[in-house]
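Below is the structure I would like to discuss, written out as structure tokens.
Here, residue 1 is the first one in the sequence, and each next residue gets the next number. The shown structure was predicted, so the numbers you read here are calculated from the model rather than taken from an experiment.
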Amino acid sequence: MNIGKASRASGVSERMIRHYETIGLIPPPARRDSGYRDYSDADVQRLRFAANARDLGFPIEEIRELLSLWGNDQRTSADVKALALARADELGRKSEALAAMRSALLDLASKCQGGNRPDCPIIEKISEQKPS
């Protein structure tokens, strides 16, 4: 199938498919006599797998590792579980950091009158020099 059909079947944009090929996340597909890419059902499954892993927050290098594990019938589920738990931990840390930033912004916004005067505690806080 051509790249458009592979894109629709996998849910991965044509641009991202080309990017995944360029960085070696997916192998280059076969080429037709005309030179156009010719994706197989296995290529589409691989693209879908990568998209699903990306939706779960895995970065490219970990997606590469997951794809390798997926294609390895000698893998252990413990290896896959370890990757998932490490990613979940990282997402938890990021979530806590985002919650702290949100809280700080809401606190600053509550201290700002939001009127026509130029003085603003939000601007003052952002302009503070951080300690070295």
Side-chain angles (χ1 to χ4, degrees):
M1 73 187 75
N2 68 27
I3 195 168
K5 287 182 183 177
S7 174
R8 287 187 295 280
S10 66
V12 177
S13 71
E14 292 180 28
R15 181 175 164 265
M16 207 56 166
I17 292 172
R18 289 184 191 98
H19 175 68
Y20 286 167
E21 289 172 22
T22 300
I23 64 172
L25 188 63
I26 61 168
R31 296 278 182 164
R32 297 180 185 170
D33 291 337
S34 62
Y36 288 107
R37 293 170 171 90
D38 190 18
Y39 294 90
S40 67
D41 289 337
D43 293 326
V44 170
Q45 286 178 321
R46 193 171 176 88
L47 287 165
R48 193 175 299 126
F49 184 96
N52 290 339
R54 190 71 185 212
D55 288 346
L56 288 171
F58 286 100
I60 294 295
E61 286 311 310
E62 289 178 13
I63 294 172
R64 190 181 311 280
E65 191 171 349
L66 285 166
L67 282 164
S68 175
L69 288 167
W70 183 42
N72 178 357
D73 59 358
Q74 301 299 310
R75 73 175 177 268
T76 66
S77 62
D79 293 335
V80 181
K81 182 177 181 177
L83 275 174
L85 290 175
R87 179 61 22 213
D89 287 347
E90 179 63 22
L91 290 172
R93 284 189 289 279
K94 287 181 179 182
S95 176
E96 289 169 5
L98 286 171
M101 285 188 278
R102 182 178 186 273
S103 178
L105 285 170
L106 290 173
D107 181 57
L108 287 170
S110 73
K111 295 175 182 171
C112 180
Q113 302 234 344
N116 293 327
R117 297 185 53 157
D119 56 316
C120 176
I122 299 169
I123 292 294
E124 290 170 19
K125 181 66 174 177
I126 292 171
S127 66
E128 285 180 0
Q129 183 173 348
K130 296 199 181 265
S132 304

task: Please report the shortest heavy-atom distance between Lys5 and Asn2, naming the atom on each side.
output: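 So the two residues come closest at N-OD1, 2.8 Å.
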message: Under the criterion side chain to side chain contact (heavy atoms under 4.5 Å, CB included), I'd like the reasoning laid out for Tyr39 against Ile17: C-alpha separation, chi angles, the key distance, then a yes or no.
response: CA-CA 11 Å; Tyr39 294 90; Ile17 292 172; 3.3 Å; yes
query: Would you say the side-chain atoms of Ser103 pair up with the backbone N or O of Ala99, donor to acceptor, closer than 3.5 Å?
result: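 Side chain of Ser103 to backbone of Ala99: no pair is present.
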field: By salt bridge (Lys or Arg N to Asp or Glu O under 4.0 Å) - contacts of Arg32 (at least two apart)
entry: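 Salt bridge (Lys or Arg N to Asp or Glu O under 4.0 Å) list for Arg32, sorted by chain: Asp38.
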field: Euclidean distance, Leu108 CG relative to Glu124 CD, rounded to 0.5 Å
entry: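 Going from the CD atom of Glu124 to the CG atom of Leu108 covers 10.0 Å.
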- prompt: Going through the checks in order, is the side chain to side chain contact (heavy atoms under 4.5 Å, CB included) test met by Ser7 and Val12?
  reply: CA-CA 5 Å; Ser7 174; Val12 177; 5.6 Å; no
Same apolar cluster: Ile23 and Leu66, side chain cutoff 4.5 Å: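 Hydrophobic grouping puts Ile23 with Leu66.
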- request: Determine, for Arg18 against Glu21, whether the closest basic-nitrogen to carboxylate-oxygen distance falls under 4.0 angstrom.
  value: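 Salt bridge absent between Arg18 and Glu21.
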query: Would a hydrophobic clustering, with Ile, Leu, Val, Met, Phe, Trp and Tyr connected at side-chain separations under 4.5 Å, put Leu105 with Ile122?
result: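 No; tracing contacts between hydrophobic side chains, which count when under 4.5 Å, never links both residues.
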Euclidean distance, Leu47 CG relative to Leu67 CG, rounded to 0.5 Å: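 Interatomic distance, Leu67 CG to Leu47 CG, rounded to 0.5 Å: 9.5 Å.
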- prompt: Do Met1 and Val44 have side-chain heavy atoms sitting under 4.5 Å apart?
  reply: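 The answer is yes, as the side chains (C-beta and beyond) meet within the 4.5 Å cut-off.
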task: Give a yes or no on whether Phe58 and Val80 share a hydrophobic cluster (residues Ile, Leu, Val, Met, Phe, Trp, Tyr; joining criterion: side-chain heavy atoms under 4.5 Å apart).
output: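 Yes: a chain of side-chain contacts under 4.5 Å links Phe58 to Val80.
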- request: Mind checking the CG-CD spacing from Leu56 to Glu62? Nearest 0.5 Å is all I need.
  value: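 Answer for the CG-CD pair, Leu56 versus Glu62, is 11.5 Å.
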- prompt: Are the side chains of His19 and Ser13 in touch, meaning some heavy atoms are under 4.5 Å apart?
  reply: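 No, side chains not in contact.
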message: I'd like to know whether Leu69 forms a side chain to side chain contact (heavy atoms under 4.5 Å, CB included) with Leu83, so could you lay out the CA-CA distance, the side-chain angles of the two residues, the decisive distance to 0.1 Å, and finally the verdict.
response: CA-CA 11 Å; Leu69 288 167; Leu83 275 174; 3.7 Å; yes
- prompt: Taking atom SG of Cys120 and atom NZ of Lys125, what is their separation to the nearest 0.5 Å?
  reply: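 These two atoms lie 13.0 Å from each other.
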Rounded distance [0.5 Å steps], CD1 in Ile3 versus CZ in Arg15: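 If we round to the nearest 0.5 Å, Ile3:CD1 and Arg15:CZ are 12.0 Å apart.
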- prompt: Listed by chain and number, what are the ring-ring contact (aromatic ring centres under 6.0 Å, His included) partners of Tyr20, not counting sequence neighbours?
  reply: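 Partners of Tyr20 under the ring-ring contact (aromatic ring centres under 6.0 Å, His included) test: none.
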Worked verdict on Ile60 versus Arg54 for side chain to side chain contact (heavy atoms under 4.5 Å, CB included): CA-CA 8 Å; Ile60 294 295; Arg54 190 71 185 212; 3.1 Å; yes
- request: Look at the side chain of Arg75 and the backbone N and O of Ser68, then say whether any donor-acceptor pair between them is shorter than 3.5 Å.
  value: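 No; zero donor-acceptor contacts below 3.5 Å.
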message: Tell me which pairs pass side chain to side chain donor-acceptor pair (under 3.5 Å) where either residue lies in residues 91-100, with sequence neighbours left out.
response: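 Counting only pairs at least two positions apart or across chains, the side chain to side chain donor-acceptor pair (under 3.5 Å) contacts touching residues 91-100 are Glu90-Arg93.
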- request: Spell out, as yes or no, whether a donor-acceptor pair under 3.5 Å connects the side chain of Arg87 to the backbone of Ala84.
  value: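 Checking the backbone N and O of Ala84 against the side chain of Arg87, no donor-acceptor pair under 3.5 Å is found.
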message: Within this structure, what is the OG-CD distance for the pair Ser40 and Gln45, rounded to the nearest 0.5 Å?
response: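 Here the interatomic distance stands at 8.0 Å.
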message: Tell me whether Asp55 contacts the main-chain N or O of Asn52 through its side chain, where contact means a donor paired with an acceptor under 3.5 Å.
response: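 Judged by distance alone, no pair lies under 3.5 Å.
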